[in-house]
Structures are given as C-alpha cells and as structure tokens.
Amino acid sequence: ATTFIGSMGNIPLATVLHGAGVSFAGVMAFIYSDLMVPPLVSVNAKYYGWRIALYIAGVMYASVVVTGVLMHLGFGVLGIVPGSTRAIAETSRFAIDYTFWLNLAFLVVAALLVRLHGARGSEMGHHHGSDGVGIKRMATYTAMALVVGGIALSFLIGPATG
C-alpha cells in the first residue's frame, strides 16, 4: 500500500507565523515537524510497538529542533535570513484576556472528556490490551500539566514588558 502524507496548508501558515514574528528557525521547525504527527506515531506503534515508536518520535523531535536551528544559523552566516515585519517582543506578551479564559475553559473541557472516556470505557468493559491507551493517557495528562504549569509560571514571572 502506498501512502502520501502532505499538508499543503503548512507553507502558507508558516508564512503567516513568520509574518507574526516567529523566528525563521521556528518556522523551519514547524514545516519539518509535519513529518511526525500523532497518527504517524500511532501507525509506527502498531508495526514496531510503543517503545520503538516513541523512540522514533523522540529522535524526530530532536532532529526537527536541530535542523531548524542549523538552518537559521546557516542562513544567518550567509546573511539571507528572511526578515519579519514584526519583532518577537511585540508578539510575546502575557495578558489575562479572553484567550486566557478560553484556554482555561477548554482545559477543563478536555479534562472532563478524558475523565468521561475513562469512565465509559470501564462501564462498557472494554479491554484495551496493548493498543497504547496508557501511553496516550500519560501523554494527555503530561500536556495538561504543561499547560497548567505554563499558566502558573506566567503568574510567577509576571507579564512580559516590551
């Protein structure tokens, strides 16, 4: 079977990100990261098992970061890093506005959905076996903890001044 994975919308989105002040290295990493998406990790897990699939994802993540930085440095040495219309400092700010409250509300919704899924799975008597549900749940809780930790950290550090 032949598979084609492509996101033709990523290049225009990367252009928008760069125009909004995201660094060239960040934009390059964003474009490259499309090669390692959660469904692809899941497919790798079905073929190789979760341990190897997460190893592949970790190596891919490290290569995305290193490649983005190396491309940025290489373009910098040649003096051809594309300029952005906005400085990063203009876009890097923390404020308690509608996006903060929406993020908080959807964090609660996500937690409730995870909880309901767990309760429904146990009621239905589903046996998930080795399909990676424990790893997925751990990844979900880790992501939720990172969001909550980021919110707490932003309160400790205070708003960025520009």
Heavy-atom donor-acceptor pair, H18 side chain to L13 backbone, under 3.5 Å
no

Determine all donor-acceptor pairs shorter than 3.5 Å in which one atom belongs to a side chain in residues 67-80; sequence neighbours excluded.
from	atom 1	to	atom 2	distance (Å)
T67	OG1	S63	O	2.6
H72	ND1	A25	N	3.4

Tell me whether [X] shares a hydrophobic cluster with [Y], the cluster being built from Ile, Leu, Val, Met, Phe, Trp, Tyr side chains joined at under 4.5 Å.
X: Y98; Y: F106; answer: yes
X: V59; Y: Y61; answer: no
X: V65; Y: L54; answer: no
X: V148; Y: W101; answer: yes

Minimal non-hydrogen separation, F100 against I151, with atom names:
CE1-CG2, 3.7 Å

Tell me the closest heavy-atom pair linking A111 and M144, and the distance in Å.
CB-CE, 3.3 Å

Enter the distance from [X]:[atom1] to [Y]:[atom2] here, rounded to the nearest 0.5 Å.
X: M28; Y: S23; atom1: CE; atom2: OG; value: 11.0 Å
X: Y32; Y: N10; atom1: OH; atom2: CG; value: 14.5 Å
X: T140; Y: L113; atom1: OG1; atom2: CG; value: 11.0 Å
X: I56; Y: R51; atom1: CD1; atom2: CZ; value: 12.0 Å
X: L102; Y: D97; atom1: CG; atom2: CG; value: 9.0 Å

Show which side-chain atoms of residues 41-49 pair as donor or acceptor with protein atoms under 3.5 Å away, not counting sequence neighbours.
none

Taken in chain and number order and not counting sequence neighbours, the residues that satisfy side-chain hydrogen bond (donor to acceptor under 3.5 Å, both in side chains) with T142 are none

Walk me through whether I11 and I31 qualify under side chain to side chain contact (heavy atoms under 4.5 Å, CB included).
CA-CA 7 Å; I11 301 303; I31 292 169; 3.8 Å; yes

Residues, nucleotides or ligands: over 12 heavy atoms within 6.0 Å of Y141 OH:
yes

